[in-house]
Chemist: 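Once you've had a glance at the structure underneath, I'll fire off some questions.
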Number of protein chains: 2
Amino acid sequence: MTATAQIPLAALASLLADGTRARFCLALLDGRAWTAGELARHAGVAASTASEHLSLLVQGGLLAEERQGRHRYLRLAGPRVAQLLEDLAAHADLAVSAPPPPATLRAAASARAMTEARTCYDHLAGRLGVAVADALTARGLLLQDTGFALSDAGLEWFATRLEVRLTPSGRRPLARGCLDWTERRHHLAGVAGAVLCATALERGWVRRIGSGRALRVTGPGAQALQELLGIENSTGSGTADSAEGPTEDGPAVRSRGDGIF
Amino acid sequence: MTATAQIPLAALASLLADGTRARFCLALLDGRAWTAGELARHAGVAASTASEHLSLLVQGGLLAEERQGRHRYLRLAGPRVAQLLEDLAAHADLAVSAPPPPATLRAAASARAMTEARTCYDHLAGRLGVAVADALTARGLLLQDTGFALSDAGLEWFATRLEVRLTPSGRRPLARGCLDWTERRHHLAGVAGAVLCATALERGWVRRIGSGRALRVTGPGAQALQELLGIENSTGSGTADSAEGPTEDGPAVRSRGDGIF
DNA sequence: CGGACAGTTCGGCGGACGCCGTACGAAGGC
DNA sequence: GCCTTCGTACGGCGTCCGCCGAACTGTCCG
């Protein structure tokens, strides 16, 4: 019996203390399910190595698996895990103040698209995510000064303007602040953040770029954001496909929008 | 160059992945400063071993050190670190559903006192902490349904009833929910939680039991809680000294109160 | 039924790391 | 001044663990 096993905190940290396992978890922060092989290639290790790591992560309660035929799909075990990883990553990245500059043009374009708009597990992040949180706050729908919670008007807004139900599921908070690692400010997470992101994807307000977690705001999306929250088409820079994703990257489909968020 | 060093998340997790270092951090969650020797004895390792570990933790930004004469005092680097540790520990402890029963009578008594009232870094926890959060919520001073934030009335209450200023310091939120690992519900953390705890200690409403983090509510304290928040003297069980602390444990000073929280 | 592919299990190798004891420097009490 | 005490630097030892390749199981497809 090793010493770390008796300290739950150390046992949990051990799971994330390995570079390969950490890469897996960070990749899965896009909120989707990857196959074991995809994760192995993503991290640059042999399939056998990945298999063992994934079993550990599943056993440790960080990942959930779903087997379909000869595939083993893996995703984060739930919002709690996603939040934990976000917090940890945010803290770690703050310590290393200077992230290495992207090595290739393509990576740079991908990074730019990510800073504009992306998913953060199951909610919106990047400039877009922060802009939404700010707009909600400016309109008195979200309280950020004294904590982080929806106001009564905010509840009303979700029900009547957005026309969605916020169902309090389990112990997950309705609204939660999530530190955005590019903007270094909070965006909206929790049930409300998830519902908002899902709604935006369903109604075609945002679309995934390529196979990654970067997002692009569509024309109707820009209009909806303007009408619902008064968010103006801001600071637009080009959009690009993402660098990495659960599917093999096909030929680059690089599009360039004009100032679309 | 090891592989984990290139992944900040993994580098941070590595610091906590060792049982001894984890023990150090958990001990320091009492919010006070320990000397290197005290921590070494607490974890049961040689002084030289502890010294190396502590240097790593300081270098990693988790701990702050302060040298006084021949002593090296160590404390958590700040509220952010404390929160991270709390979250991590809460998650880890949930995974291991059944904590081992206390081995000695004295440890059992200490555990009982801890569940009643204790500090959690710099705020109140245990039954007392949750009771305070609940009372604030019941009176409309704290919003817990739609997130976690003080209401306007809550701000007012701190200013006029408690007669303290809540100064928004840095990026620390005014109010934050912290998962209580004994009650499995939220208690009040953030600036408000810290101010409330400090006030309670200053005005003698609560007192530290022995040298640990367990607290005892005093007579005037019970009265103040009743007047300010309508909290009745609840579920009192005996109080006892704590098992571990930064100072060498002297002779046990076991006191037994009658139903004092 | 056989071939291709996804994933797992196993053995073995090599590096990383946590531990200690010892020796040393520095601060404080007598 | 000497001696005790707290903390640090170093060398060595043992273990743990992450990696791979090879062999095997199971699934899908033709």
Side-chain angles (χ1 to χ4, degrees), chain A residues 1-7 9-25 28 33-60 62-75 246-248, chain B residues 1-7 9-25 28 33-60 62-75 246-248:
Chain A
M1 183 74 61
T2 120
T4 85
Q6 301 181 2
I7 310 286
L9 170 60
L12 176 59
S14 296
L15 289 176
L16 301 172
D18 175 72
T20 301
R21 284 195 294 265
R23 255 184 277 258
F24 288 171
C25 291
L28 290 166
W34 296 42
T35 68
E38 285 163 353
L39 287 168
R41 278 188 295 280
H42 172 76
V45 295
S48 58
T49 303
S51 177
E52 290 169 357
H53 283 312
L54 292 172
S55 295
L56 286 178
L57 289 169
V58 169
Q59 195 179 355
L62 292 179
L63 264 46
E65 69 181 355
E66 202 167 332
R67 301 193 181 237
Q68 277 181 23
R70 56 180 170 179
H71 288 285
R72 182 192 192 184
Y73 284 96
L74 295 140
R75 53 180 172 77
T247 65
E248 303 306 330
Chain B
M1 181 73 61
T2 123
T4 85
Q6 301 181 1
I7 310 286
L9 170 59
L12 175 59
S14 296
L15 289 176
L16 302 172
D18 175 73
T20 300
R21 284 194 296 263
R23 257 183 277 257
F24 288 171
C25 291
L28 290 166
W34 295 43
T35 69
E38 285 164 350
L39 288 168
R41 277 188 296 279
H42 172 76
V45 295
S48 57
T49 303
S51 177
E52 291 169 359
H53 283 311
L54 291 172
S55 295
L56 287 177
L57 289 169
V58 169
Q59 196 178 355
L62 292 179
L63 265 46
E65 67 180 358
E66 202 166 332
R67 304 196 178 233
Q68 277 182 24
R70 57 179 169 178
H71 288 284
R72 181 193 193 186
Y73 284 96
L74 295 140
R75 53 179 171 78
T247 65
E248 304 305 330

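Here is the naming used below: chain letters follow the sequence lines, and residue numbers restart at 1 for every chain.
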Chemist: Is there a donor N/O on one and an acceptor N/O on the other, under 3.5 Å, for the side chain of A/S48 and the base of D/dG21?
Modeler: yes
Chemist: A/L16 has an atom CG; how far is it from atom C1' of D/dG18, in whole Å?
Modeler: 16 Å
Chemist: A/L62 versus A/L12: any side-chain heavy-atom pair under 4.5 Å?
Modeler: yes
Chemist: With the side chain of A/R70 defined as its heavy atoms from C-beta on, choose the nearest nucleotide among C/dC19, C/dA6, C/dT8.
Modeler: C/dA6
Chemist: Measuring to OP1 and OP2 of C/dG28, would you say a side-chain N or O of B/H71 lies under 4.0 angstrom away?
Modeler: no
Chemist: Distance check needed: D/dC16 C1' versus A/H53 NE2, whole Å only.
Modeler: 14 Å
Chemist: Tell me the interatomic distance from A/L54, atom CG, to D/dG18, atom C1', rounded to whole angstroms.
Modeler: 14 Å
Chemist: Whole angstroms only, please: what is the CZ-P distance between A/R41 and C/dA6?
Modeler: 7 Å
Chemist: Main chain of A/S14, side chain of A/R21: is a donor-acceptor contact present, judged purely on distance under 3.5 Å?
Modeler: yes
Chemist: Could you state the CG-P distance from B/L74 to D/dC6, rounded to the nearest angstrom?
Modeler: 15 Å
Chemist: Look at the side-chain N and O atoms of B/R67 and state whether any lies under 4.0 Å from the OP1 or OP2 oxygen of D/dC6.
Modeler: no
Chemist: With a 4.5 Å limit on heavy-atom distance, are the side chains of A/L54 and A/E65 in contact?
Modeler: no
Chemist: For A/A46 and for A/G69, locate the closest nucleotide of DNA chain D by heavy-atom distance; then report the residue assigned to the nucleotide nearer the 5' terminus.
Modeler: A/A46
Chemist: Measure the distance from CG on B/D18 to P on C/dA16 and round it to the nearest whole Å.
Modeler: 17 Å
Chemist: Would you mind reading off the distance between A/L39 atom CG and C/dT8 atom C1', rounded to a whole angstrom?
Modeler: 16 Å
Chemist: Look at the side-chain N and O atoms of B/T20 and state whether any lies under 4.0 Å from the OP1 or OP2 oxygen of C/dC19.
Modeler: yes
Chemist: Within less than 4.0 Å of OP1 or OP2 of D/dT8, is there a side-chain N or O belonging to B/R72?
Modeler: yes
Chemist: Think A/T49 has a side-chain N or O under 4.0 angstrom from the OP1 or OP2 of D/dC20?
Modeler: yes
Chemist: Can you tell me if the side-chain N/O atoms of A/R21 get under 4.0 Å from OP1 or OP2 in D/dG18?
Modeler: yes
Chemist: Between B/A47 and B/A40, which heavy-atom pair has the shortest distance, and what is it?
Modeler: CA-CB, 4.2 Å
Chemist: Of all the heavy-atom pairs spanning B/G60 and B/L15, show the shortest one and how long it is.
Modeler: CA-CD1, 3.8 Å
Chemist: Can you check the B/E52 CD to C/dG21 P distance for me, whole Å?
Modeler: 13 Å
Chemist: Let's test your reading of the model: under 3.5 Å, does the base of D/dC6 pair with the side chain of B/E38 as donor and acceptor?
Modeler: no
